Amino acid sequence: MTAAATAPHDGAAEPTPTPALSHLVKDANDSGITYQEMEDRGLSPDGSKLPRQWYQKLVKTPTVSPPSYNQLVAISRATGRPLRHVQEAAAKQWLQYEATELAGYDEEVRIIVGHLAGKSKAELMRWRYMIEAEERAKREAGE
């Protein structure tokens, strides 16, 4: 006995987006890195490698458990993406955490960006234009 298929309706849910780390690996594959190449490149600090099937499974049916630190290093090496990006993608996928820090910037820049957070799009555009106008004026004045 088979069940009748239901026809999609206008209120059908959108397809679920690919989780962040799975998307990162899929993008690497779409850019031409095969899963076999990922296996070959993805050496973890303990000397082990993740099999190509692991990468395929991560893209097709993401696991419930997050990868270990050594696995994240292997993924970073396999995909050519910085470890920090791989860690952020894993945090987003398994912890629903999105990094918002401004690594590499000093305290002054972080304070300024903090003041702009939550502003409307119009206010952000106004601030951007003021900063760009100030930079342009300095260039034109030879500073």
Side-chain angles (χ1 to χ4, degrees), residues 1-139 143:
M1 180 197 296
T2 59
T6 57
H9 55 82
D10 291 338
E14 292 292 318
T16 305
T18 304
L21 186 60
S22 299
H23 187 73
L24 184 144
V25 171
K26 182 180 181 320
D27 283 350
N29 182 248
D30 290 347
S31 73
I33 302 172
T34 67
Y35 293 121
Q36 183 60 54
E37 289 170 327
M38 288 183 203
E39 177 181 342
D40 296 342
R41 294 177 184 183
L43 187 65
S44 72
D46 66 3
S48 63
K49 291 184 177 185
L50 297 171
R52 71 176 186 277
Q53 296 87 349
W54 191 93
Y55 294 101
Q56 290 170 319
K57 184 176 179 185
L58 180 66
V59 170
K60 302 283 187 219
T61 55
T63 63
V64 176
S65 303
S68 68
Y69 173 77
N70 284 346
Q71 289 172 321
L72 292 174
V73 171
I75 295 165
S76 171
R77 292 174 179 169
T79 61
R81 298 293 302 269
L83 177 59
R84 181 164 186 86
H85 292 178
V86 173
Q87 290 171 316
E88 288 173 358
K92 186 174 182 181
Q93 182 162 333
W94 278 276
L95 303 174
Q96 290 74 49
Y97 172 79
E98 193 158 349
T100 57
E101 67 185 58
L102 297 170
Y105 292 98
D106 67 13
E107 185 66 17
E108 293 301 317
V109 172
R110 289 193 295 270
I111 290 170
I112 293 166
V113 171
H115 285 295
L116 295 175
K119 300 274 188 212
S120 70
K121 183 165 176 110
E123 289 174 305
L124 292 173
M125 294 301 292
R126 184 173 65 87
W127 279 98
R128 176 183 173 185
Y129 293 145
M130 286 191 312
I131 292 167
E132 288 173 350
E134 192 266 343
E135 289 173 346
R136 193 171 35 258
K138 279 185 177 179
R139 276 194 310 274
E143 291 183 27

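Since the structure is predicted, the reported quantities are computational estimates derived from the model, not experimental observations.
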S.K.: Working to the nearest 0.5 Å, report the span between CD1 of Ile131 and CZ of Arg126.
M.R.: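 Answer for the CD1-CZ pair, Ile131 versus Arg126, is 10.5 Å.
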S.K.: Tell me yes or no: between the side chains of Asp46 and Ser48, is some donor less than 3.5 Å from an acceptor?
M.R.: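 Checked: Asp46/Ser48 side chains pair up, N/O donor to acceptor below 3.5 Å.
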S.K.: Any donor-acceptor pair under 3.5 Å linking the side chain of Ser44 with the backbone of Gln71?
M.R.: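 Absent.
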S.K.: To check you understand the geometry: which heavy-atom pair defines the closest contact between Ala28 and Ser31, and what is its length?
M.R.: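 Closest pair (atom of Ala28, atom of Ser31, distance): O-OG, 2.8 Å.
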S.K.: Determine whether Gln56 and Asn29 make a side-chain contact, defined as any pair of heavy atoms from C-beta on separated by less than 4.5 Å.
M.R.: no
S.K.: What's the spacing between Asp27 CG and His23 NE2 if we round to 0.5 Å?
M.R.: 3.5 Å
S.K.: Closest heavy-atom contact between Gly42 and Tyr55?
M.R.: CA-OH, 4.1 Å
S.K.: Could you report the tightest heavy-atom contact between Tyr69 and Pro45, atom names first, then the distance?
M.R.: CE2-CG, 4.4 Å
S.K.: Decide, yes or no, whether a salt bridge links Glu134 with Lys138 under the criterion of side-chain N to carboxylate O below 4.0 Å.
M.R.: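 A salt bridge links Glu134 with Lys138.
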S.K.: Taking the side chain from Ser76 and the backbone from Arg81, do they hold a donor-acceptor pair closer than 3.5 Å?
M.R.: yes
S.K.: Drop me the distance from Lys57's NZ to Tyr35's OH, to the nearest 0.5 angstrom.
M.R.: 14.0 Å
S.K.: Hey, are the side chains of Leu72 and Leu21 touching, using non-hydrogen atoms and a 4.5 Å cut-off?
M.R.: yes
S.K.: First locate atom CD of Gln87, then atom CD1 of Ile75, and finally report the distance between them rounded to the nearest 0.5 Å.
M.R.: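 It comes to 10.5 Å.
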S.K.: What distance separates Met130 CE from Trp127 CH2, expressed to the nearest 0.5 Å?
M.R.: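 Between atom CE of Met130 and atom CH2 of Trp127 there are 4.0 Å.
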S.K.: Are Ile33 and Arg41 side-chain neighbours, meaning at least one heavy-atom pair lies under 4.5 Å?
M.R.: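 Result yes, sub-4.5 Å side-chain heavy-atom pair found.
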S.K.: Ignoring hydrogens and geometry, is there a side-chain-to-backbone donor-acceptor pair from Glu135 to Glu132 under 3.5 Å?
M.R.: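 Not at all, since once roles are kept as given, no pair shorter than 3.5 Å links the two residues.
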S.K.: Tell me the closest heavy-atom pair linking Gln36 and Arg52, and the distance in Å.
M.R.: OE1-NH1, 3.2 Å
S.K.: Compare every heavy atom of Leu24 with every heavy atom of His85, then report the nearest pair and how far apart it is.
M.R.: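 Here His85 and Leu24 meet closest at O-CD1, 4.2 Å.
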